[in-house]
Structure formats: C-alpha cells, structure tokens
2 protein chains.
Amino acid sequence: MSGEMGMFISYLKKKDLKLTDQRKIILDVFLKTERHLSVEDLYNIAKKKDSSIGQATVFRTLKLLREADIAKEVDLGDGKTRYEHKYGHEHHDHLVCLECGRSIEAVDSKIERLQDGLCRKHGFLPQRHKMEIFGICKKCR
Amino acid sequence: MSGEMGMFISYLKKKDLKLTDQRKIILDVFLKTERHLSVEDLYNIAKKKDSSIGQATVFRTLKLLREADIAKEVDLGDGKTRYEHKYGHEHHDHLVCLECGRSIEAVDSKIERLQDGLCRKHGFLPQRHKMEIFGICKKCR
DNA sequence: TTGATTTTGAAATTCAATATCAATTATAGC
DNA sequence: GCTATAATTGATATTGAATTTCAAAATCAA
C-alpha cells in the first residue's frame, strides 16, 4: 500500500467516511497518471478499470483527495479545473504558455519558504495554494 | 485623464479597437471601486451610471482591461472570476480564508523577483500571474 | 448479522462564461 | 460634414463544467 493510500484512509477515518472500492480505484489510477487531469479525463481512465464508476463519484473523490492533501488543483486557464497528484513531486509552480497551452513545472523552494513567512506575518494558517504564471514559452517566442 | 485611461486608449489603438462611451464608463467605475468585483458586481454598479449598459459588454470590457494590464484576475475560490484594478496598488498575493471568505492582500516583493527569475531560467516570458493561498485567517483560528 | 449511515451513479439542475446577431456606433478618408 | 467600413452593443440563447438530487446499494461498528 502506498503512503498516499494510507493518508487517504486516515483522512476518511477522521471524517467518518467510508473506504469504498470506487475510491480505491480512483486514487490508484490518479496516482499512476502523470498528467494534469480534469474530472472527465480521470473519469475516462477510471472507467476502464471499472466501467460502473460514474463521473459524480470521480468529482467527489477528487475533492476528498484535495482535502486530504494528496491532490492539488491546477488552473491551466482553459476553464476546466485540473488536478495533479503530489506523489513523488516537489512543490512547483506552473508556467502556462498562452500560445501553445503547454505548462512547464518550475521549482523554487525559496518561493515557498517566503510564502510561508508571509502567512505567518499575517497570522494566517495556509492549507493549500494556487500559483500559475501565464506567458509565452521558449518555443513560442 | 488617468494614466489607466491613457493605457486603455493606447491598447485599443494598437488592436484597432474603438473607444466607446460604454468602455469609458466601465473603466471609470472599475477604477473607482476598491473591491474584488465579479462581472455581475461591476455590471450592477455600471448600470447606475448608464442603465443601457449590458452584462456582455462589461464581461468583454473586463477581458480587454486584463489584456491591457489594467485589471487583474483574482480567484477567491467561490467559482466566480473576480477582478481588481492595479491602479495605486503594489503587486500583492491573496490570502483567502476558507472559513469566513475574506481575503487579505499580502505584499512580498521578494517573491515576485524570484518568480521573474524562475521564468527567465526557463526562457519563459511572463505576462501575468495568479497567486492565492487558501487557509484560515487570524480571526477564524 | 444487523441496522444506521454513507455512498453511488444516472440524470437533472445550476449558473458563470461565452456566442449569436441585427441594430447601432466609431472613425478614417474623402 | 458625409460616407463607407468595420467594430460594438445588448438582449437573448447556448454551452458546458460544477454540483445536486434521490432511490438503490454498500460499508462497517456493534
């Protein structure tokens, strides 16, 4: 069992929620996919494992995964909310190209540390954050 | 005439767009309002100045103002896109409280500098960015 | 095993974002 | 000022992601 599955089980226990087959399959598939997934994307992949899984469940499970700090919301500026898992990934920001739509994952641990400091200065307890820079990428310039 | 109006006129000229009464009124009202405004919010305010102004025009004008770098998109996590003007404001991030919904504007020039550096390192030309930290504010803790 | 409670999936609903289109308006060139 | 051309407008319709609904099914503590 992966660490993420353990985190999820703990989270569900804490909230008096149940561990269902659907939730297990959705998390499993989610962790194995290295992409920014919309609800529909993940639904299409999960369906292959268990054709009875519905979109609503995927939607609800992604919300739970975000609360459990296993998933991260990403906005690529196309009007759909996308998710990525945190498994095996350092913190990173997204540089989203307005020309080709591709996104680069850029890491800077200093930024995160400064963000935490900023929160502390305001007595604010951070839970998650969203950070996307939109512009033109190297190739499109 | 404010600097912003000048910026807007230049932008419109560059794009071969026209300066209309509606656009002037919408920008004027937008600059005078110190709040995070949804399209509907701004529509309701602008309507008082000129009751013939339609939502669609407000929506389209806000888009133009963002392109002209006069407006900034803000996500307060309630599913509506909001806008704030940049007039008289330093760059700032938003700390959005998940309990009470209020948002704190927090400034850290170091973060912005690091972000620019990050972009440069990836050959990326930044145009705008979105940065919101969600958590619990001082009062709600 | 039981029973209270949660979960599920199909379908319906909501609602912000966006497109449509005929009428109106801005502006460059005469 | 006029005219032609292209852009703009606002009411309305449409889209589509996000969310809710609800009866049937599944979970799990006792």
Side-chain angles (χ1 to χ4, degrees), chain A residues 5 8-30 36-68 71 73-83 101 130, chain B residues 5 8-29 36-68 71 73-83 130:
Chain A
M5 190 61 83
F8 193 35
I9 291 171
S10 307
Y11 181 78
L12 293 175
K13 270 244 171 63
K14 196 175 73 184
K15 293 272 174 178
D16 272 315
L17 300 174
K18 292 168 181 169
L19 181 64
T20 64
D21 289 344
Q22 289 90 332
R23 286 177 178 165
K24 271 189 273 186
I25 291 169
I26 291 167
L27 173 54
D28 193 52
V29 167
F30 180 56
H36 297 124
L37 297 161
S38 66
V39 171
E40 211 195 337
D41 292 339
L42 188 56
Y43 165 65
N44 285 324
I45 300 171
K47 222 169 34 178
K48 287 178 192 161
K49 283 242 169 178
D50 180 347
S51 63
S52 75
I53 287 178
Q55 282 216 44
T57 303
V58 175
F59 166 74
R60 288 182 287 227
T61 303
L62 275 172
K63 231 168 150 180
L64 290 174
L65 291 174
R66 198 193 57 185
E67 286 163 23
E73 234 180 79
V74 181
D75 176 2
L76 300 184
D78 66 348
K80 280 187 209 172
T81 301
R82 288 162 185 283
Y83 296 87
K130 249 187 181 178
Chain B
M5 190 61 83
F8 193 36
I9 292 172
S10 306
Y11 182 78
L12 293 175
K13 270 247 170 65
K14 196 175 74 185
K15 294 273 173 178
D16 271 315
L17 301 174
K18 291 167 182 169
L19 180 64
T20 64
D21 289 345
Q22 289 91 334
R23 286 176 179 167
K24 272 190 271 185
I25 290 169
I26 291 167
L27 173 54
D28 192 53
V29 166
H36 298 123
L37 296 161
S38 66
V39 172
E40 212 195 337
D41 292 340
L42 187 56
Y43 166 63
N44 286 324
I45 301 171
K47 225 172 29 182
K48 288 178 192 160
K49 284 242 169 180
D50 180 346
S51 63
S52 76
I53 286 177
Q55 283 217 41
T57 302
V58 174
F59 166 75
R60 288 181 288 224
T61 303
L62 275 172
K63 232 168 150 180
L64 290 174
L65 291 174
R66 199 194 57 186
E67 287 164 22
E73 234 180 79
V74 180
D75 176 2
L76 300 183
D78 66 347
K80 278 187 211 173
T81 301
R82 289 162 183 284
Y83 296 86
K130 248 186 182 178

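Given the structure is predicted, the values throughout are model-derived calculations rather than measurements. Order of the sequence lines sets the chain letters (A, B, ...), proteins ahead of strands, with each chain counted from 1.
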Report which part of the nucleic acid [X] touches: base, sugar-phosphate, or nothing (heavy-atom distance under 4.0 Å, all strands).
X: A:T81; value: sugar-phosphate
X: B:R23; value: sugar-phosphate
X: B:Q22; value: sugar-phosphate
X: A:K80; value: sugar-phosphate

>> Can you see if the side chain of B:S52 gets near the phosphate of D:dT9 - specifically, an N or O under 4.0 Å from OP1 or OP2?
In response: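 No, outside the criterion.
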Taking the nucleotide of DNA chain D with the nearest heavy atom to each, does B:L17 or B:Y43 sit closer to the 5' end?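 So the residue in question is B:L17.
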Quick check: on DNA chain C, is the nucleotide nearest B:G79 upstream (toward 5') of the one nearest B:D21, or the reverse? Name the residue that is more 5'.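 Comparing both residues, the 5'-ward one is B:G79.
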Using side chain to side chain contact (heavy atoms under 4.5 Å, CB included), reason through B:V29 and B:L42 one step at a time and then give a plain yes or no.
CA-CA 8 Å; B:V29 166; B:L42 187 56; 3.8 Å; yes
Closest to the side chain of B:T57, out of D:dT9, D:dA11, C:dG9, is D:dT9
Quick note, A:V39 side chain, CB onward, closest among C:dA17, D:dA18, C:dT8 is D:dA18
Starting at atom [atom1] of [X], determine the distance to atom [atom2] of [N], rounded to an integer number of angstrom.
X: A:K47; N: C:dG9; atom1: NZ; atom2: C1'; result: 13 Å
X: A:F59; N: D:dT21; atom1: CZ; atom2: P; result: 13 Å
X: A:K14; N: D:dC28; atom1: NZ; atom2: C1'; result: 20 Å
X: B:L12; N: C:dT25; atom1: CG; atom2: C1'; result: 15 Å
X: B:R60; N: C:dA16; atom1: CZ; atom2: P; result: 18 Å
X: A:Y11; N: C:dT6; atom1: OH; atom2: P; result: 14 Å
X: B:D75; N: C:dA17; atom1: CG; atom2: P; result: 10 Å
X: B:E40; N: C:dT14; atom1: CD; atom2: C1'; result: 14 Å

Close side-chain approach of B:D21 to B:D50, heavy-atom, < 4.5 Å | no
- Should A:K47 and A:V58 count as side-chain neighbours, where that means a heavy-atom distance under 4.5 Å? no
*Under 3.5 Å, is there an N or O donor on one side and an acceptor on the other linking the side chain of A:K18 and the base of D:dA26?*
no
Taking all non-hydrogen atoms of both residues, which atom of B:F8 and which atom of B:A68 are closest, and how far apart?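 Scanning both residues completely, I find the closest heavy atoms to be CD1-CB, 4.5 Å.
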Looking only at heavy atoms, which two atoms of B:K130 and A:D75 are closest? And how far apart?
->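 Closest heavy-atom pair between B:K130 and A:D75: NZ-OD2, 2.6 Å.
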